[in-house]
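Here the structure comes first, spelled out in structure tokens, and everything after it is commentary.
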Amino acid sequence: MTVVDVREPFETATGIIPGAIEIPLRELASRWEELKSADEIVCYCASGARSYNSAMLLRKNGLINATSLEGGITAWRAIGAETASASS
């Protein structure tokens with residue numbers, strides 16, 4: 001599974017889901033091909049709206065295995081799940 005954080009760098013500075021790839025939504029239209037070989041793609045943002053739009057963009061480009069993490073990183077943190085430092 002490939003996890004994609006579509007938040008902006010100022011947001012990812014507070015932490016990301018471990019192993020996530022950082023591709024801000026504003027860059028996804030030009031970078032979506034980086035995900036072509038993924039078996040499954042889960043996009044997330046702060047609360048779910050941008051990640052839903054990201055998954056739909058990926059699906060329009062033929063990556064039908066793209067989904068959105070409901071509730072985003074806010075829900076992830078609410079259940080006590082781990083975060084890691086952002087790469088950027």
Side-chain angles (χ1 to χ4, degrees):
M1 176 186 328
T2 301
V3 179
V4 183
D5 190 323
V6 298
R7 297 176 299 154
E8 292 295 321
F10 75 90
E11 295 173 286
T12 61
T14 64
I16 65 172
I17 293 175
I21 297 169
E22 299 169 57
I23 304 177
L25 176 56
R26 64 182 163 76
E27 296 177 11
L28 194 58
S30 64
R31 295 181 57 191
W32 69 269
E33 289 187 11
E34 294 176 33
L35 304 169
K36 283 174 69 170
S37 64
D39 290 329
E40 183 177 351
I41 302 165
V42 177
C43 301
Y44 76 92
C45 60
S47 62
R50 285 176 288 173
S51 59
Y52 175 81
N53 291 333
S54 298
M56 293 303 102
L57 182 151
L58 294 172
R59 287 177 176 221
K60 283 182 184 177
N61 284 290
L63 303 178
I64 60 169
N65 56 346
T67 60
S68 173
L69 177 64
E70 186 175 338
I73 199 162
T74 301
W76 181 264
R77 288 181 172 139
I79 61 167
E82 170 184 351
T83 59
S85 296
S87 62
S88 49

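Owing to the predicted nature of the structure, the values given are computational and were not obtained by experimental measurement.
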Fill in the blank from the handout: When rounded to the nearest 0.5 Å, the distance separating CD1 of Ile17 from CD of Glu22 is 11.5 Å
Handout entry: hydrophobic_cluster_shared for Val4 and Met1, side chain cutoff 4.5 Å
Key = no
Completion exercise
Of all heavy-atom pairs linking Ala46 and Thr74, the shortest is O-OG1, 2.7 Å
Problem - Exercise: identify the closest heavy-atom pair between Thr83 and Pro18 - result: CA-CD, 4.0 Å
Handout entry: Co-membership, hydrophobic cluster, residues Ile16 and Phe10, 4.5 Å side-chain
Key = no
Problem - Verify same cluster id: Val3, Leu35 (apolar side-chain graph, 4.5 Å) - result: no
Practice task
Treat each ILVMFWY residue as a node, draw an edge where side-chain heavy atoms are under 4.5 Å apart, and state whether Leu57 and Tyr52 are in one component.
Solution key: no
Problem - Closest contact, heavy atoms only, Ile73 versus Gly15 - result: CD1-O, 3.7 Å
Exercise for the section: Could you list all the side chain to side chain donor-acceptor pair (under 3.5 Å) pairs where at least one residue sits in residues 38-51, not counting sequence neighbours? Expected result: Asp5-Tyr44, Glu11-Arg50, Ser51-Ser68
Completion exercise
dist Ile41:CD1 -> Asn65:CG (nearest 0.5 Å) comes out at 4.5 Å
Exercise for the section: Could you please spell out the steps behind the side-chain contact (heavy atoms from CB on, under 4.5 Å) verdict for Cys43 and Leu58? Expected result: CA-CA 10 Å; Cys43 301; Leu58 294 172; 3.7 Å; yes
Completion exercise
The complete set of side chain to side chain donor-acceptor pair (under 3.5 Å) pairs with one or both residues in residues 27-38, sequence neighbours excluded, reads Glu27-Arg31, Arg31-Glu34
Practice task
Could you tell me whether the side chain of Thr67 and the main chain of Val42 form a donor-acceptor pair under 3.5 Å?
Solution key: no
Problem - Qualifying residues under salt bridge (Lys or Arg N to Asp or Glu O under 4.0 Å), relative to Arg59, sequence neighbours excluded - result: none
